[in-house]
Amino acid sequence: MTETNEQNNEQRLDFIRQIVADDLEKGTWDGRVHTRFPPEPNGYLHIGHAKSICLNFGIASEFGGKCNLRFDDTNPCKEEQEYVDSIIEDVKWLGWDWEDRLYFASDYFQQMYDWAVELIKKGAAYVCDLTAEEMREYRGTLTEPGKNSPYRDRSAEENLDLFTRMKNGEFPDGSKTLKAKIDMASPNVNLRDPVMYRILHAAHHRTGDAWCIYPMYDWAHGLEDSVEGITHSICTLEFENHRPLYDWFLDALEIYHPRQSEFARLNLTYTMMSKRKLLQLVKDGHVNGWDDPRMPTLSGLRRRGFSPESIRTFCKTIGVNKFNSTVDYALLEHCLRQHLNATSPRVMAVLNPLKVVITNYPDGQADDLDAVNNPEDVSAGTRKVPFGKVLYIEQEDFMEEPPKKFFRLAPGREVRLRYAFFITCNEVIKDEAGNIVELHCTYDPETRGGDAPDGRKVKATLHWVSAEHALNAEVRLYDHLFTKENPDDVPEGQDFAANTNPDSLKVLENCKIEPSVKDTKPLDRLQFERLGYFCTDKDSTPEKLVFNKTVGLKDTWAKIQKQQKKK
RNA sequence: UGGGGUAUAGUGUAACGGUAGCACGACUGACUCUGAAUCAGUUAGUUGGGGUUCAAAUCCCUGUACCCCAACCA
């Protein structure tokens, strides 16, 4: 029984997959599973979209079905080709494949128009001359019913004529709409004669000036799903109230009718997903563009050094549900580190260099030491790392007066340089202001490779680079964009911008990195030993290497320091 | 005339009338040529109140809280 329980746990389906599985069993859709990811090309995709993408494409692949990529481009005022391109790139990057099924709602404009004509003929739609403001009045409120538009009872002939002329561009923007004739007293406000078409003399990024009337989401979306033979139309919770309308249109038309299901969108601590607010961050210069490594956009995460695998694992881990929740950013980081640890080549880099002279190392001598590329993956092999008389170590790895539990280098103390030698600090050189500028150390030639033949131990192993061979690099360190778990948690009268973290970006110009990385390419992911995971930035050139810090290694020493400070 | 949804450790989820489990986080410890990783352990939960039942997170009744809806946005 325990065994079956465990199996059940592993195969446990979320409620949407359960619906799909049940339908498959009942034969509801003749054994088909067909989903779609339908973004509006009005912004860049973010990690919240990744949840939806992984759900829709994931279901298709798990159940032997198909998933379309469809652009819901029904509002020319907000949409641009730039967004189409970025969305295609991002979904691809995540590792999903829509094969030849790349669709655009705008491809169906004629079909939608024809169907609208059909509804008019059936007496289920009418042209309305109410202004936006009047329409709001006629709609009623949440607690009071609306009232019928004075244009509601126009004849089918008149409606047909008017609608044709709307399409032909005879009327100015906002002067008329086509509306569904449903029920102005419905407790569901969406059913109070919703607008199907509005007049918009605007150029569309794909259809140009071919149309001056554009379909509204509620009218268009079900038709798109129907045309494509979608079985399960999966969307977010806020569309729950729209489902009766989705169903109404398809029923009225008596056409193929998919099933809509809704799930909760993703919220993440220390970030936010609203396209509007992300746009504001970009426009107000809080970040350097949509692909700024601090952004939760997929392009930002990619540039930051996230792997698509880690994002997919994350999406699987958070599950799918119907209630709003906020996932801890630490869970994303966990999934990230897990994948990066297994796959990232190790390399030694010093972010804040402190010069170390090995006083007993012969002038002119050179050593090439063997270093393991990835201890988690023997097939990654080894590489040579050059050693020299003058080295750099991390400033943080030396303390003149070490507190308790500080295991690293200190006067008189012996530590190991990774893959190299044991060294002992003999002398601390300071400048006039008293800053430590250099250490004089001696090394033990017997410890070459990192082990002492006499079996003596050291408490710390430091990363290092040879001054003579090191490459210069700029390293960009990132922290949360916001100082609060919930960026919208602000004093009255302020907006989320008040919570932006002034220290979310720190640039280190004078970093030193081992020569093996000289041919690194943008998006290469590396682990800088003992520091964290880093990714070569697109700004990187052979003359000036630039790296982004993706995420740090867990840092027990930092925790101890914090505790010591508290005391 | 309001309607539609949802509540399980700090966080995210599982348990489909039958032992409240997993993951993240936090905290111990072991191991370690990364204070990483790994391993072992600790921590902590069913929204309140009634009821049905041998047995309730699950079914019923009744409160409470939170989310969504009144764009010619999606």
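Per chain, numbering begins at 1; letters A, B, ... match sequence-line order.
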Which part of the nucleic acid, if any, lies within reach of [X] when heavy atoms closer than 4.0 Å are counted: base, sugar-phosphate only, or nothing?
| X | result |
| --- | --- |
| A:Arg243 | nothing |
| A:Ile213 | nothing |
| A:Leu331 | sugar-phosphate |
| A:Pro76 | nothing |
| A:Asn241 | base |
| A:Lys459 | nothing |
| A:Phe406 | base |
| A:Ser325 | sugar-phosphate |
| A:Asn321 | sugar-phosphate |
| A:Thr326 | sugar-phosphate |
| A:Tyr217 | base |
| A:Glu529 | base |
| A:Gly450 | base |
| A:Met135 | base |

Parallel, tilted or perpendicular: which describes the rings of [X] and [Y], with under 30° parallel and over 60° perpendicular?
| X | Y | result |
| --- | --- | --- |
| A:Trp211 | A:Phe109 | perpendicular |
| A:Trp219 | A:Phe249 | perpendicular |
| A:Tyr217 | A:His242 | perpendicular |
| A:Phe547 | A:Phe528 | perpendicular |

Taking only the side-chain nitrogens and oxygens of [X], find out if one of them lies under 4.0 Å from OP1 or OP2 of [N].
| X | N | answer |
| --- | --- | --- |
| A:Lys559 | B:A26 | yes |
| A:Arg139 | B:C69 | no |
| A:Arg198 | B:A71 | no |
| A:Lys322 | B:C67 | no |

Options [options], nucleotide nearest the side-chain atoms of [X]:
| X | options | answer |
| --- | --- | --- |
| A:Ile318 | B:A37, B:A74, B:G12 | B:G12 |
| A:Phe239 | B:G10, B:A74, B:G35 | B:A74 |
| A:Glu238 | B:C68, B:C73, B:C24 | B:C68 |
| A:Glu40 | B:C73, B:A70, B:G5 | B:C73 |
| A:Arg346 | B:U34, B:U8, B:G5 | B:U34 |

Between [N] and [M], how far is it from one [atom1] atom to the other, in whole Å?
| N | M | atom1 | result |
| --- | --- | --- | --- |
| B:A55 | B:U64 | C1' | 27 Å |
| B:U11 | B:G45 | C1' | 12 Å |
| B:C31 | B:G41 | C1' | 15 Å |
| B:G21 | B:U62 | P | 32 Å |
| B:U28 | B:A65 | C1' | 37 Å |
| B:C27 | B:A36 | P | 12 Å |
| B:G49 | B:C39 | P | 40 Å |
| B:U32 | B:A14 | P | 40 Å |

**OP:** Please name all residues satisfying side chain to side chain donor-acceptor pair (under 3.5 Å) with A:Asp183, sequence neighbours left out, ordered by chain then number.
**Re:**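 By the side chain to side chain donor-acceptor pair (under 3.5 Å) rule, A:Asp183 matches no residue at all.
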Starting from [atom2] on [N], measure out to [atom1] on [X] and report it in whole angstrom.
| X | N | atom1 | atom2 | result |
| --- | --- | --- | --- | --- |
| A:His242 | B:G5 | NE2 | P | 14 Å |
| A:Asn486 | B:C67 | CG | P | 12 Å |
| A:Tyr197 | B:C73 | OH | C1' | 17 Å |

Original post:
Which comes earlier along RNA chain B counting from the 5' end, the contact point of A:Gly319 or that of A:Asn75, where each point is its nearest nucleotide?
Top reply: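 Looking at the nearest nucleotide for each, A:Gly319 comes out on the 5' side.
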Original post:
Where each residue is assigned the nucleotide of RNA chain B containing its nearest heavy atom, which of A:Arg192 and A:Arg136 is assigned the position nearer the 5′ end?
Top reply: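 The 5'-side residue here is A:Arg192.
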In Watson-Crick or G-U wobble terms, both distances under 3.5 Å, what is the partner of [N]?
| N | result |
| --- | --- |
| B:C39 | B:G29 |
| B:U6 | B:A65 |
| B:U11 | B:A23 |

Subject >> Listed partners of A:His46 passing ring-ring contact (aromatic ring centres under 6.0 Å, His included), at least two apart >> reply: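 For A:His46, the residues satisfying ring-ring contact (aromatic ring centres under 6.0 Å, His included) (neighbours in sequence not counted) are A:His49.
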Original post:
Would you say the side-chain atoms of A:Asn168 pair up with the backbone N or O of A:Glu170, donor to acceptor, closer than 3.5 Å?
Top reply: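 Looks like no, no N/O pair under 3.5 Å.
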Subject >> Test item: A:Gln564 side-chain N/O and A:Pro403 main-chain N/O as donor-acceptor pair under 3.5 Å >> reply: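 A pair under 3.5 Å: no.
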Original post:
Does B:A71 adopt a syn or an anti glycosidic conformation, taking syn as a chi angle within 90° of 0?
Top reply: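 B:A71: syn.
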